[in-house]
Amino acid sequence: MTKQEKDRLSARYLEEGFTSMAGLRERMGFSMKYETEENGKERYHSIRGVFRQAREAAEKMNFEENPAELADYMEALADCAVEIDEEAFDQYKELVNDFKRVLRRLADKSCPGRLLADAERFPASVRADLAAAIEKACGRGMILKEKYFCLVPALRAGLGSDEEREGEEA
Amino acid sequence: MIRFQVIFRTSRALVIELLDRGIYFTDAPYEVYLDGKKVLESTHVVQTISHLIPDREYRLMIKQGEACSEELTVRTEYEFVTLNVRDFGAKGDGVQDDTPFIQAAISCCPPQGRVLVPAGTYRTAPLFLKSDLVLEIEEGATLLAWTERERFPILPGLIDSYDEESEYNLGTWEGNPLEMFAGLLTGIHVSNVVITGGGVLDGNASYDNWWENDGREKRGGAFRPRMIFLNHCENVTVHGIQVQNSPSWNLHPYFSNHTRWIDMRVINPKISPNTDGMDPESVNDMEVVGMYFSLGDDCIAIKSGKLYMGRTYKVPSQNIEIRQCYMRHGHGSVTLGSELGAGVRHLHCHDCLFEDTDRGLRVKTRRGRGEDCVIEDICFENIKMNGVLTPFVVNSYYWCCDPDGHSEYVRSKEPLPVDEGTPQIRELAFRNIEARNCHVAASFIYGLPESKIREISFENVRIDFAEEPVPEYPAMMADVEPCTRKGIYINNCEKLTLRNVTVEGAEGEPIEILNVDELVEEPAERKVEP
């Protein structure tokens with residue numbers, strides 16, 4: 001994809017704003033990467049606006065009814081936190097705080113290894129997504145690894161390898 | 001009668017300051033007598049007298065031509081022991097890595113003890129200070145930094161507390177809590193520290209190492225180190241040493257209180273990137289006296305964090321006195337900003353020389369810096385400038401260094417709604433200032449239309465221009481063109497006082513005032529010369 005094409009796509013994504021958590025996950029990582037690496041961070045402000053809309057939507061959701069949406073949301077937050085230029089620290093911190101807010105609804109803060117939400121009932125793909133998001137967040141230093149990384153194997157327990165998971169989902 | 005005061009003393013040295021005898025340099029050479037014996041001649045207003053004996057009373061007197069001072073009796077500090085770093089294994093041969101040996105001496109220093117670094121060249125990585133320490137880098141001694149990043153410990157930016165209720169900030173880069181390599185001398189939560197002597201702290205930086213690619217990017221997992229980094233420190237005095245060739249900012253007191261910086265030299269090549277002389281950030285009660293700066297960036301840049309640190313901790317930089325300093329070759333002599341998330345207040349800069357800097361006083365702010373970004377009670381007094389491009393610059397549209405810098409929100413000269421991002425500038429006073437051989441503009445002061453500068457006063461200010469001025473941008477903001485010999489330009493101010501203000505040699509109007517609500521002007525001998 002040329003820079004011009006990327007620019008058009010990023011602009012379109014941001015003009016459309018928040019549409020769904022799946023869209024957020026699919027689009028914001030791309031936009032953030034493009035803005036950071038190729039566009040001088042010009043549309044960071046717009047990305048922040050989209051995430052604020054997403055936050056409002058997330059607050060109305062819960063893990064019992066919307067596990068897939070919240071998993072997408074967490075992945076989008078982690079993806080963007082990985083891509084954002086850390087010198088835009090206040091914006092990075094906003095992503096981190098949003099991530100933690102959702103994570104608290106998933107994990108028991110006093111015993112972080114324990115999942116509050118009934119994760120065993122989540123579809124395998126959701127559990128895999130949540131595990132990936134938490135793993136990414138631990139790796140980026142968004143959350144304390146010693147507290148939360150144990151959720152990753154807990155969520156992946158019984159999922160088998162990537163190939164097996166794909167087979168299960170199919 | 002010559003008047004002087006003793007402004008600092010250790011067990012081995014005294015620092016005197018002559019009163020009413022000039023700015024940085026005295027009007028004539030003078031002699032210092034100890035117990036009736038002449039010990040030195042000087043032309044510096046602030047002067048160190050060294051090679052003294054601990055806990056001893058001295059009779060001190062100054063003579064200048066026929067004039068002399070009264071005799072003053074002063075006692076040096078008590079000293080318990082001296083820990084010579086060579087006794088700990090340091091060689092000072094410029095080859096051995098002396099870091100662990102000097103660090104051991106520092107860690108072993110008892111209260112009222114002194115760690116002595118005698119003459120020699122000591123290759124070191126960062127050294128960590130402890131509380132209740134005197135570190136003396138003797139004249140002829142150089143702490144010469146290694147340049148390999150692998151030798152520098154990393155200070156993480158922000159570490160979450162286990163309960164996630166709080167956080168611990170160690171490293172910082174340009175107003176954000178980010179990973180940095182530890183400073184050559186690093187103090188973290190230490191108190192009652194003196195760094196003294198006539199020696200040198202050499203960062204050894206060059207375009208072959210730290211300044212490569214202008215040093216912008218983070219490499220090796222962290223941003224560039226400072227020379228002296230004090231994070232959450234109390235009662236620290238740094239005196240006498242020369243600091244040079246820093247990888248980035250030279251002196252960085254950060255969330256630290258009651259610090260004094262006395263009779264030092266801070267020197268970096270003019271072309272070196274981001275080598276500010278001193279960056280007080282969220283500090284309280286700081287004194288900067290008798291310092292010489294010659295640098296590649298701002299001489300003193302006062303800050304209080306970018307948005308996150310400013311809004312979260314709300315610690316302004318305040319109660320700062322700068323006097324008898326000589327600032328040369330930097331971008332700004334005294335700069336406020338641009339990271340001013342928690343504001344700056346009560347700054348008194350007086351009796352200083354500014355020479356060949358791009359700007360004298362320089363305020364850098366913009367929309368989005370936040371409602372806690374309040375600049376108030378800033379006073380510049382008894383200043384002589386020579387060859388400064390623009391003596392006074394207040395830029396409320398500073399575009400540099402952030403994602404939104406070139407956005408319409410930042411650059412617009414139209415009034416925008418006041419919101420949580422709107423900064424404020426309250427009182428700026430300039431008194432008894434002479435600026436000779438300026439190049440670009442006598443002053444360029446541009447407030448926001450929706451948040452005008454509350455009050456500016458110029459009293460007894462005289463400005464003229466160089467015969468062959470160099471055109472430059474008066475401020476880093478959109479829609480401003482390079483110029484020369486522009487007069488005083490002031491836009492968006494509530495109250496402006498001009499008392500005995502003279503601008504000579506301006507092209508066009510010597511004073512151009514726009515959008516000022518109240519003007520108090522007393523006649524001045526304004527001359528307009530083409």
Side-chain angles (χ1 to χ4, degrees), chain A residues 10 14 31-49 51-52 80-81 83-113 137-150, chain B residues 154 156-180 216-219 221-224 274 305-313 338-339 341-342 367-370 372-373 399-411 419-421:
Chain A
S10 181
L14 295 170
S31 280
M32 184 64 93
K33 187 175 170 61
Y34 167 70
E35 295 298 328
T36 303
E37 293 178 359
E38 297 181 61
N39 201 35
K41 302 165 252 178
E42 268 188 23
R43 298 197 189 95
Y44 268 22
H45 190 69
S46 304
I47 296 174
R48 173 180 262 172
F51 271 105
R52 285 181 178 174
C80 282
E83 296 297 342
I84 194 170
D85 185 332
E86 58 194 345
E87 292 187 55
F89 191 82
D90 59 309
Q91 191 166 346
Y92 163 74
K93 195 69 180 167
E94 213 170 298
L95 296 171
V96 171
N97 289 342
D98 286 346
F99 189 93
K100 284 182 178 172
R101 206 172 289 124
V102 190
L103 184 63
R104 283 191 198 116
R105 290 151 67 184
L106 182 70
D108 185 339
K109 194 179 159 194
S110 60
C111 181
C138 287
R140 175 68 180 84
M142 295 167 66
I143 52 176
L144 285 172
K145 193 173 178 181
E146 66 156 326
K147 263 176 100 167
Y148 293 109
F149 193 79
C150 55
Chain B
I154 291 174
L158 216 49
I159 303 166
D160 270 345
S161 64
Y162 190 78
D163 64 7
E164 297 172 74
E165 299 296 325
S166 189
E167 60 197 11
Y168 186 45
N169 167 221
L170 282 169
T172 172
W173 178 255
E174 294 189 341
N176 282 321
L178 296 172
E179 297 82 1
M180 61 174 268
R216 293 301 304 173
E217 75 273 30
K218 178 175 169 178
R219 284 173 54 201
F223 289 99
R224 284 175 284 161
N274 314 106
K306 269 192 190 166
L307 285 177
Y308 179 76
M309 295 305 286
R311 284 183 184 164
T312 305
Y313 296 99
S338 68
E339 304 95 306
R367 294 187 184 99
R369 279 290 185 244
D372 298 313
C373 174
W399 55 248
C400 181
C401 313
D402 272 323
D404 63 349
H406 291 282
S407 67
E408 191 57 26
Y409 174 67
V410 170
R411 68 186 291 168
D419 60 22
E420 61 175 16

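Just so we're on the same page: letters track the sequence lines, and every chain starts at 1. Computed from a predicted structure; not experimentally measured.
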Practice problem: Count the heavy atoms belonging to other residues, nucleotides or ligands that lie under 6.0 Å from NZ of A:Lys33, then report whether that count exceeds 12. | Solution: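 At most 12 heavy atoms, drawn from other residues, nucleotides or ligands, come within 6.0 Å of this atom.
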Self-check item: chain B contact via A:Glu146 - which portion, at a heavy-atom distance below 4.5 Å
Solution: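 For A:Glu146, the side chain is the part near chain B, not the backbone.
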Self-check item: Under 4.5 Å from any heavy atom of chain A - which part of B:Phe223
Solution: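 For B:Phe223, the side chain is the part near chain A, not the backbone.
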Exercise. Give, as side chain, backbone, both or neither, the part of B:Pro177 having an atom under 4.5 angstrom from any heavy atom of chain A.
Key: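 Both backbone and side chain.
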From [X] atom [atom1] to [Y] atom [atom2], the distance as rounded to the nearest 0.5 Å:
X: A:Asp90; Y: B:Lys306; atom1: CG; atom2: NZ; answer: 9.0 Å
X: A:Lys100; Y: B:Asp160; atom1: NZ; atom2: CG; answer: 3.5 Å
X: A:Glu86; Y: B:Lys218; atom1: CD; atom2: NZ; answer: 3.0 Å

Quiz item: Can you find a pair of side-chain heavy atoms, one from B:Leu178 and one from A:Glu87, that are under 4.5 Å apart?
Solution: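 SC-SC contact between B:Leu178 and A:Glu87 confirmed.
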Quiz item: So do the side chains of B:Asn176 and A:Tyr92 get within less than 4.5 Å of each other, counting heavy atoms only?
Solution: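 Answer no - side chains too far apart.
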Quiz item: Can you check side-chain contact (heavy atoms from CB on, under 4.5 Å) on A:Lys93 and B:Leu158, steps first, answer last?
Solution: CA-CA 11 Å; A:Lys93 195 69 180 167; B:Leu158 216 49; 3.9 Å; yes
